[in-house]
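Shown next, in structure tokens, is the structure this report addresses.
In the text below, chain A, chain B and the rest are named by the order of the sequence lines, each starting its count at 1.
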Amino acid sequence: MTKVRTRFAPSPTGYLHIGGLRSALYAYLFAKKQGGDFILRIEDTDQQRHVEGAEDVIYNTLRETGLIWDEGPDVGGAYGPYVQTERRAIYQKYADELVERGGAYRCFCTKEELDRRRAEAEAKGETFKYDKHCLGLSEAEIREKIEAGLPCVIRQNVPESGQASFDDLIFGQITVDCATLDDNVLIKADGLPTYNFANVVDDHLMAISHVMRGTEYLSSTPKYNLLYEGFGWEKPQYIHMSPVMRDEKRKLSKRDGDASYDDFIQKGYLKEAIVNYIALLGWNPGTEQEKFSLEELVEAFSLEGMSKSPAIFDPVKLTWLNFEYIRALDPADYRAYALPWYEKAGLAGWDYGILDRILQPRTEIFSQIPDMVAFLVAMPAFDASLYANKKSKCDPALAKELLPQEMALLEGLPDWNETAIHDALMQFAADQGRKNGQVLWPLRIAIAGQAVTPGGAIEILALLGRDESLRRLQESMAALGA
RNA sequence: GCCCAGUUCGUCUAGUGGCCUAGGACACCGCCCUCUCACGGCGGCGACACGGGUUCGACUCCCGUACUGGGUGCCA
């Protein structure tokens with residue numbers, strides 16, 4: 001059996017979006033599961049849409065997420081070059097060969113003329129199809145036009161009748177009538193190949209065993225098989241993957257402002273969570289396991305679990321998975337991720353130990369940290385009605401009664417640390433015959449100024465320190481008239 | 001328009017003719033725990049696109065319709 005070889009073949013036209021990353025992931029998983037090779041090829045034949053630096057984004061993202069390629073532009077390999085613009089001569093040679101074999105022909109019709117006819121056909125509600133006009137040109141006529149310097153493309157010569165088909169490992173057999181197929185351009189006037197030609201030549205020459213790509217190629221693949229037949233080449237296996245959608249109608253795309261991989265990282269998502277989530281978008285392991293490391297994904301991956309229908313990207317579920325990963329982080333790793341956000345929030349130099357402890361179990365995305373701790377940096381204005389809480393059996397009147405006593409108690413503490421504060425307050429509650437909630441609720445409100453806080457009164461007192469705690473208490477009591 | 005696909009809770013999905021009064025996860029709601037929130041525990045809401053067949057029996061097979069996606073480029 002020949003070695004499994006898959007490839008990820010992105011166009012360097014911008015940032016790597018989530019859908020592209022998922023395609024790369026599946027191609028990687030499929031190859032690695034079977035001990036095969038994963039190849040990276042850059043498809044840059046469209047010079048118009050090329051974006052500077054886009055290749056680096058691709059390299060960096062794949063490396064970061066652990067999708068390490070065995071062959072590619074930067075690491076080389078036995079089937080290079082791996083950048084299509086560096087393979088010009090190869091395509092030219094094979095195109096000439098295909099012309100010889102009758103599978104393609106030179107065409108001198110101008111783009112303008114064809115565009116006009118296409119528009120005309122469209123206006124009439126018809127499908128435009130090239131009429132094979134140049135197929136009838138004689139050798140002499142062709143030579144004459146070339147010598148005259150007329151621009152020329154090479155078109156695929158599709159049979160006018162019969163059927164073309166292929167077997168897809170996910171979708172099964174796909175068959176189309178050749179009559180519905182057009183004689184597409186294989187080599188453009190600029191000498192570069194179109195995707196239609198380059199992908200076939202490259203996949204064959206690079207010995208790709210399984211062509212994995214999006215379903216947008218599902219209906220044109222029969223046509224590509226005609227090319228393989230024209231050359232007498234062995235066809236690869238095909239695996240078409242359904243797209244990731246933004247909603248029912250739109251595909252996920254950077255153009256529509258959908259987040260790219262980099263955007264998610266910057267917002268404080270963990271790469272492990274992103275990879276895990278997109279793996280599950282359109283694939284299921286056949287078990288109820290939901291958390292997978294990349295290694296576990298390789299182990300569990302199978303085409304059986306691939307879905308045929310498009311999957312809608314759900315940021316809420318991604319966030320949940322991210323939360324799971326953050327909670328499972330080693331404390332030291334959590335600190336490393338959180339530190340920049342603490343600093344951004346204005347908490348540089350605070351007691352990171354307490355911050356980690358109250359925040360790690362509550363952080364879904366790191367970018368939430370500044371909002372969660374804003375009350376520590378600046379005391380929010382609040383209304384006395386916040387002292388009212390049914391479950392804690394507390395109201396403004398009770399707050400007014402207890403707060404001064406608690407203030408006095410805290411003022412008298414010899415040491416200001418969590419244990420000391422905790423013990424003193426618990427003792428106070430016991431002495432007063434009060435529920436813990438009655439003592440702690442008003443205190444927390446008085447020093448935090450908001451109903452919901454990460455952590456409780458004791459942690460917050462410890463974080464704020466004695467001076468700031470007492471200052472806030474004083475201020476809140478004054479507002480209460482206590 | 002024509003061609004190729006797809007269609008199970010709001011979302012991701014399980015389901016390959018009887019195991020389905022359709023299972024899980026996220027979200028949502030309720031209760032418990034609790035100084036708030038979160039965590040955790042328990043419970044709830046919620047789907048086979050529609051219509052015909054085939055069959056003793058259909059979410060599962062066939063046909064049609066609807067809807068969605070893709071293609072119909074000297075884009076990929």
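- Side chain of A:Ile312, nearest nucleotide from B:U34, B:C12, B:C74: B:C12.
- Pair check for B:C59 finds none; no Watson-Crick or G-U wobble contact set falls under 3.5 Å.
- On a pure distance criterion of 3.5 Å, a polar donor-acceptor pair joins the side chain of A:Lys317 and the base of B:A25.
- Residue A:Phe108 contributes atom CZ, which lies 14 Å from atom C1' of B:C74 at whole-angstrom precision.
- Closest contact between the side chain of A:Ser309 and the listed nucleotides B:U7, B:C39, B:A25 involves B:U7.
- The nucleotide whose nearest atom lies closest to any side-chain atom of A:Ile458 is, among B:C35, B:G69, B:A27, B:C35.
- Within the 4.0 angstrom heavy-atom criterion, base atoms lie near A:Ala451.
- No hydrogens or angles were tested; on distance alone, a donor-acceptor pair under 3.5 Å links the side chain of A:Lys391 to the base of B:U34.
- Both distances falling under 3.5 Å, in either a Watson-Crick or a G-U wobble arrangement, place B:C28 opposite B:G44.
- Taking a cutoff of 4.0 Å between a charged side-chain nitrogen and a carboxylate oxygen, A:Asp131 and A:Arg117 qualify as a salt bridge.
- When heavy atoms are screened at a 4.0 angstrom cut-off, A:Lys129 is found touching no nucleic acid atom at all.
- Annotation: B:C59 and B:U21 have their C1' atoms spaced 15 Å apart (nearest Å).
- For A:Leu281, the side-chain atoms get nearest to B:C12 when compared with the rest of B:A38, B:C35, B:C12.
- The residue A:Tyr217 sits close to a base: some heavy atom pair falls under 4.0 Å.
- In this structure, B:C75 makes no Watson-Crick or G-U wobble pair, since no nucleotide meets both defining distances under 3.5 angstrom.
- Nucleic acid contact class of A:Gly455 (heavy atoms, under 4.0 Å, all strands): base.
- Both A:Thr194 and A:Phe128 lie close to RNA chain B; mapped to their nearest nucleotides by heavy-atom distance, the more 5′-ward contact belongs to A:Phe128.
- Among the protein residues, A:Thr13 comes within range of no part of the nucleic acid, since none of its heavy atoms lies under 4.0 Å from any strand.
- Distances from the side chain of A:Val176 to the nucleotides B:C4, B:A76, B:C35 place B:C4 closest.
- The listed nucleotides are B:G6, B:G73, B:A38; the one nearest the side chain of A:Phe323 is B:A38.
- Of the candidates B:U36, B:U11, B:C74, the closest approach to any side-chain atom of A:Thr453 belongs to B:U36.
- Within the cation-pi definition used here (under 6.0 Å to the ring centroid, within 45° of the axis), A:Arg155 qualifies as a partner of A:Tyr130.
- Residues A:Tyr387 and A:Phe382 bring their aromatic ring centres within 6.0 Å.
- With hydrogens and angles left out, the side-chain atoms of A:Asn276 and A:Tyr325 include a donor and acceptor closer than 3.5 Å.
- Side-chain atoms of A:Tyr195 and A:Asn184 include no donor-acceptor pair closer than 3.5 Å.
- A salt bridge links A:Arg116 with A:Glu120: the closest approach of a Lys/Arg side-chain nitrogen to an acidic carboxylate oxygen falls below 4.0 angstrom.
- Comparing A:Met306 and A:Ala9 against RNA chain B, the residue whose closest nucleotide sits nearer the 5' end is A:Met306.
- In this structure B:G6 sits in a base pair with B:C67, meeting the Watson-Crick or G-U test at under 3.5 Å.
- Contacts of A:Lys111 with the nucleic acid, taken as non-hydrogen atoms under 4.0 Å apart, include base atoms.
- Among the heavy atoms of the strands lying under 4.0 Å from A:Thr175 are primed sugar atoms or P, OP1, OP2 only; no base atom is included.
- Side-chain proximity of A:Met245 to the nucleotides B:C35, B:C74, B:G69 is greatest for B:G69.
- A:Phe366 has its ring centre less than 6.0 Å from the ring centre of A:Tyr334.
- Distance from the side chain of A:Val185 is smallest to B:C74 among B:A25, B:C74, B:C35.
- Partner assigned to B:C19 is none, using Watson-Crick or G-U wobble distances below 3.5 angstrom.
- Within 4.0 Å of A:Cys109, counting heavy atoms only, lies at least one base atom of the nucleic acid.
- Residue A:Thr45 is in sugar-phosphate contact alone, with no base atom involved, counting any heavy-atom pair closer than 4.0 Å across all strands shown.
- Comparing atom distances between the A:Arg118 side chain and each of B:A76, B:G73, B:U34 picks out B:G73 as nearest.
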